[in-house]
Trainee: 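Handing you a structure now.
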Amino acid sequence: MICSFSLFAQENNAEPAEPSAPVENPSVSDGSSPVVGDGSSENEPEKDLSQDYLAKSAAPVNAVAWTRDGKYFATSWNNLVILWNADSNTIAAIYSNSVSENSNPLANIISLQFTSDGRYMLSVRDDNTALIHSVGTNSDSTLITGTGNSIPDAVFAGDYKILLPLDGKNLYESLRLPESGQFKVEEKLDFADGIWGLSSNPAGKRVLVTSESGAVRVVDTTSWEVLTEFECYTLTRIKPKFAEDSVHFLSAKDQNTLVVTSSNDASDFLTVEEPAGFSFTAEFSADSTKIVAGVDSGCVKIYDIASGLEENSFKLMYGDSAKSLAFSPDGKYVIIGTEQGYIYRWVLSGEEFVPEDEKTQENKLENSLTLSVGYGRLGTNYYLGNAIFEAGYRNYFRPPFYWGAVGSLGAGVPGSEFPYTYYEGGEQLSAPFLYTLASGGLIGLVYYNKEFDFHVFSEAGAGWNVRMMFDNSLKYPHHGKPYFGGYGELVVGVQWKWARLWGGVQYDSNLHWLMKAHIGVAMPTKSFRRK
C-alpha cells in the first residue's frame, strides 16, 4: 500500500544555539570456544573526571548517538534532541517534538540513530511516535505515529528504509518514495509476543528483533525469514545490539553477565562477568573490538572482546547510573548519558579534551597585556636618564603580524652637571625632574617557537607625548610649562613564557634621539576572562 501515514511536515526545528556548555573495521574472528573474562584485570584504571561533563538535563538522558563520520553526536534532553558539534562540544541544533498539532511536546526520547551518511536522524518517543530529522539542512521533519499503544523502538535498515513496530508487535518496513516524498509501508513479520527492541547491522540485511519475553530473533531482511532464535535477559533493560562487523551481537545473559554471540549459529563467543551487575545500556565500539557498559556500582566500564578483560573505567558522580552510551567512530571518546541527566564526554586517552576551536587557538599566539619598567637615555648630559613605567596591549590578529597600543609614565632624573641654577628667596633650589606622559600605537612582527614558548619580535611605534619640568622641593615646588611633541621608535626584543626584554631607539620631536631598554611581563588576556 502507498500512504503518507500520519506524515506531518514543518519547518526544521533545528535552531542554532550558543554553547552551554573518524574507522578501521577489523572483524572479531569466530572461535570454537568462548573467551570468558571476570571483568577485571591486573591494572584497573579508574578516572574520576567528575567535572568534565558537557551539560546537565532535568531528566534522564535515555539516548545518545554518533554520526558515522564523527562530525556530530546527538543526545536526548528532556523532550528535545540536541545535536552537538563533536570538534568543539558546542550545540549545533535543537530539535523539538512540536511538528504537528497532535504531537506531544513533553514526550521523552527513548532511542536515537543516524543514517550511515549522517544526513538523517531517527528519534523514537514514548508517546507512540517517531521523528525523522534532516541534519544540517532546512528540510522538513517527518512525524510517524503508531497505530498501537507505543512504538518501543525503530531502526534504519540502510539509509532510507526504516523498520519499526507500528502496532507494537508486527514489524513494518517503511520506505520513502523519491518521486512523491510519501512512504510505502508494508507489514513484514508478526510476533505474537510483541517487540521490545530492534538493532540492524550497517547494511540493513539483518535485524535483531527482541521481545519483552526475552526472545531474540535474527531476521534476514531480504527474505524476511527468522534465521535463528535464542533467549536473553531483559531485566537489565539492555537491548541486544549488532556489532559493526555484522556477525556478532551483544546481549545480557543475566544481571551480572554480558554475552557476545555469533549471529550465524547463536554460539557464545565471549562472556563478560561483573559482580556489581550491568544495567540499562551496553554498546560495541565502531571497530567491533570493545564493549562499553553501564555498571550498577556507578561506573562505566570498557572490556576488550579478545581477552574479556576490563580495559578502562569511568566513575560517575553522586552514585549516578549510565542510561545511554556511544563510542565515537574513531574510538577516542565515549558519550555517556546518565539517570541524573548528566552528559559526559569520556576521553579514553586520559588527556583533557580540547575543543577544535581551542586547538586552533593553541597554534596562535595569545593576545596579551604587558607591564614593564624601562630606562631611557636622554639626548642631553643634564640627566642621568629617564625611568619609565609602561603598560601595553598586543593583539596577534594574524601571526606573525600583530598590532598594539601602549601608554607610559616617565621621570627624567637630573644629574650633577645640570647647567642651570635656580634661586628662590636667596636659597638655591634643587634641579628639576623631567616628567613625561606618552601614548601611542604599534605594529609588530614576531617569530614564535611553540615548543619552548619563546618569542623574537620587532616593533615600530608612533605616538604623542607631553613633557614638563617640576621642582620637587617641598618648600618651593614649582613647574615649568608643558612641551607637547610626538615620537617614533623602533625596538627589538625576546619573550620567554611570561618574561619580556626589549630595547631600541626613539626619536622625540623635543629631545631628538633617545636609547631605551625595558624588562617586563606579558599576561594572556584569557587569564582575565570569567570562567
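Nothing fancy with the numbering, it's 1 onward along the sequence. The figures here come from the full heavy-atom set of this structure, side chains too, leaving out hydrogens, waters and symmetry mates.
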Trainee: Given 3.5 Å as the limit, does a donor-acceptor pair link the side chain of Ser368 with the main chain of Met523, or not?
Mentor: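 Pair absent, no side-chain N/O of Ser368 close to backbone of Met523.
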Trainee: For Ala130 and Leu122, which heavy atoms make the closest approach, and how far apart are they?
Mentor: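 For Ala130 versus Leu122, the nearest heavy atoms are CB-CD1, 4.2 Å.
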Trainee: Please assess Asp87 against Tyr72 for the test side chain to side chain contact (heavy atoms under 4.5 Å, CB included), listing each intermediate value before the final yes or no.
Mentor: CA-CA 8 Å; Asp87 285 340; Tyr72 298 105; over 6 Å; no
Trainee: For the residue pair Lys253 and Tyr233, would you count it as a cation-pi contact if the rule is NZ or CZ under 6.0 angstrom from the ring centre and within 45 degrees of the ring axis?
Mentor: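 Judged by the rule (NZ or CZ under 6.0 Å from the ring centre, within 45° of its axis), Lys253 is not positioned above Tyr233.
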Trainee: Evaluate the side-chain proximity of Val209 to Val216: yes if any heavy-atom separation is below 4.5 Å, no if none is.
Mentor: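 No; the side chains remain at least 4.5 Å from each other.
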Trainee: Donor-acceptor check, side chain of Thr221 to backbone of Gly204, threshold 3.5 angstrom: yes or no?
Mentor: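 Side chain of Thr221 to backbone of Gly204: a pair is present.
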Trainee: Between Asp320 and Thr338, is the side chain to side chain donor-acceptor pair (under 3.5 Å) condition met? List the steps.
Mentor: CA-CA 7 Å; Asp320 204 354; Thr338 77; 2.5 Å; yes
Trainee: Please report the shortest heavy-atom distance between Leu164 and Ile144, naming the atom on each side.
Mentor: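 Closest approach of Leu164 to Ile144, heavy atoms only: CD1-CG2, 4.1 Å.
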Trainee: Take Asp296 and Gln255, measure what side chain to side chain donor-acceptor pair (under 3.5 Å) needs, and give me the verdict at the end.
Mentor: CA-CA 10 Å; Asp296 283 340; Gln255 187 70 42; 3.3 Å; yes
Trainee: Side chains of Trp84 and Thr75: any donor to acceptor distance under 3.5 Å?
Mentor: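 On atom types as modelled, these side chains qualify, holding a pair under 3.5 Å.
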Trainee: Considering only heavy atoms from C-beta outward, does the side chain of Leu258 approach that of Leu250 to under 4.5 Å?
Mentor: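 The answer is yes; the side chains approach within 4.5 Å.
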Trainee: Would you indicate whether the side-chain heavy atoms of Lys290 and Glu283 approach each other to under 4.5 Å?
Mentor: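 Glu283 vs Lys290: side chains apart.
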Trainee: Taking the six-membered ring of Tyr333, is NZ or CZ of Arg345 closer than 6.0 Å to its centre and within 45° of its axis?
Mentor: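 Because its charged atom sits under 6.0 Å from the ring centre and within 45° of the axis, Arg345 does stack over Tyr333.
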Trainee: Does Leu316 form a side chain to side chain contact (heavy atoms under 4.5 Å, CB included) with Tyr344? I'd like the steps, not just the answer.
Mentor: CA-CA 9 Å; Leu316 302 171; Tyr344 295 87; 3.7 Å; yes
Trainee: Between Phe230 and Phe249, does the ring-ring contact (aromatic ring centres under 6.0 Å, His included) criterion hold? Intermediate values first, please.
Mentor: CA-CA 12 Å; Phe230 63 97; Phe249 61 88; 4.9 Å; yes
Trainee: Within a strict 4.5 Å, meaning less than it, do heavy atoms of the Trp77 and Ile91 side chains meet?
Mentor: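 No, their side chains stay 4.5 Å or more apart.
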Trainee: Nearest 0.5 Å, please: how far is OG in Ser297 from CD in Glu274?
Mentor: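 With rounding to 0.5 Å, CD (Glu274) is 6.0 Å from OG (Ser297).
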Trainee: Search all heavy atoms of Lys241 against all heavy atoms of Ala282 and return the closest pair with its distance.
Mentor: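 So the two residues come closest at CG-O, 4.1 Å.
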Trainee: Got more than 12 heavy atoms from elsewhere within 6.0 Å of CH2, Trp224?
Mentor: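 Count over threshold, so yes.
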Trainee: When you compare the side chains of Asn367 and Tyr402, does any donor N or O come within less than 3.5 Å of an acceptor on the partner?
Mentor: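 Judged by distance alone, the side chains do not pair up.
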Trainee: So, taking the atom named CG in Leu235 and the one named OG in Ser279, what distance separates them when rounded to the nearest 0.5 Å?
Mentor: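 It comes to 12.0 Å.
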Trainee: More than 12 non-hydrogen atoms from neighbouring residues, nucleotides or ligands closer than 6.0 Å to CG on Asn449, yes or no?
Mentor: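 Atom CG in Asn449 is packed in, count exceeds 12.
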Trainee: Would you kindly say whether Asp167 and Thr147 are connected by a side-chain donor-acceptor distance under 3.5 Å?
Mentor: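 Checked: Asp167/Thr147 side chains show no N/O donor-acceptor pair below 3.5 Å.
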Trainee: Walk me through it: do Ile162 and Ile132 pass the test side chain to side chain contact (heavy atoms under 4.5 Å, CB included)?
Mentor: CA-CA 10 Å; Ile162 299 170; Ile132 306 168; 3.2 Å; yes
Trainee: If you count heavy atoms of other groups shown closer than 6.0 angstrom to CZ of Phe401, is the number above 12?
Mentor: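 Count not over threshold, so no.
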Trainee: If you take all heavy atoms of Pro329 and Trp66, which pair is closest and at what distance?
Mentor: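 Minimum heavy-atom contact is CD-CE3, 3.7 Å.
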Trainee: Enter the distance from Asp153:CG to Leu208:CG here, rounded to the nearest 0.5 Å.
Mentor: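 It comes to 11.0 Å.
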Trainee: Would you say Leu325 and Ile335 make side-chain contact, with heavy atoms under 4.5 Å?
Mentor: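 No; the side chains remain at least 4.5 Å from each other.
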Trainee: Kindly give the heavy-atom pair with the smallest separation between Cys232 and Thr210, and that separation in Å.
Mentor: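 Cys232 and Thr210 have their closest heavy atoms at SG-CG2, 3.9 Å.
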Trainee: Taking the cut-offs as 6.0 angstrom to the six-membered ring centre and 45 degrees off its axis, would you call Lys169 and Phe191 a cation-pi pair?
Mentor: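 Lys169 over Phe191 ring: no.
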Trainee: Applying side chain to side chain contact (heavy atoms under 4.5 Å, CB included), run through Ser324 and Asn62 and close with a yes or a no.
Mentor: CA-CA 6 Å; Ser324 52; Asn62 295 315; 5.9 Å; no
Trainee: Contact between Phe280 and Glu339 at the side-chain level, heavy atoms closer than 4.5 Å - yes or no?
Mentor: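 Answer yes - side chains close enough.
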Trainee: Distance from Glu187 atom CD to Glu173 atom CD, nearest 0.5 Å?
Mentor: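 Between Glu187 CD and Glu173 CD, I get 12.0 Å after rounding to 0.5 Å.
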Trainee: Between Arg217 and Glu225, is there a salt bridge with N-O shorter than 4.0 Å?
Mentor: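 So Glu225 does not pair with Arg217 through a salt bridge.
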Trainee: A side-chain contact here means heavy atoms from C-beta on lying under 4.5 Å apart; do Asn149 and Asn128 qualify?
Mentor: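 Of all side-chain heavy-atom pairs linking Asn128 with Asn149, none is under 4.5 Å.
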Trainee: Consider only side-chain N and O atoms of Ser213 and Asp193, and report whether a donor and an acceptor are under 3.5 Å apart.
Mentor: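 Asp193 and Ser213 do have a side-chain donor-acceptor pair below 3.5 Å.
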Trainee: Between atom OG of Ser76 and atom OH of Tyr95, what is the distance when rounded to the nearest 0.5 Å?
Mentor: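 Spacing of OG (Ser76) from OH (Tyr95) equals 15.0 Å.
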Trainee: Short question: side chain of Thr145, backbone of Thr129 - any donor-acceptor pair under 3.5 Å?
Mentor: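 Judged by distance alone, no pair lies under 3.5 Å.
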Trainee: May I ask you to decide whether Glu366 forms a salt bridge with Lys450, counting only side-chain N to carboxylate O separations under 4.0 Å?
Mentor: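 Between Lys450 and Glu366 there is no salt bridge, as every charged N stays at least 4.0 Å from the carboxylate O atoms.
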Trainee: Under 6.0 Å between ring centres, would you say that holds for Phe114 and Tyr120?
Mentor: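 They do not qualify: ring centres at least 6.0 Å apart.
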Trainee: Which heavy atom in Pro152 sits nearest to a heavy atom in Lys239, and how many Å separate them?
Mentor: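 What the structure gives for the nearest pair is O-NZ, 3.4 Å.
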Trainee: Would the distance check show the side chain of Lys56 and the main-chain N or O of Gln340 forming a donor-acceptor pair, the cut-off being under 3.5 Å?
Mentor: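 A pair under 3.5 Å: yes.
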Trainee: Considering only heavy atoms from C-beta outward, does the side chain of Ser246 approach that of Pro202 to under 4.5 Å?
Mentor: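 The answer is yes, as the side chains (C-beta and beyond) meet within the 4.5 Å cut-off.
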Trainee: Is the closest basic N to carboxylate O distance between Arg206 and Asp220 below 4.0 Å?
Mentor: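 Answer for the salt bridge query: no.
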Trainee: Between CZ of Phe278 and CG of Asn256, what distance do you get to the nearest 0.5 Å?
Mentor: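 Result: 8.0 Å between the selected atoms.
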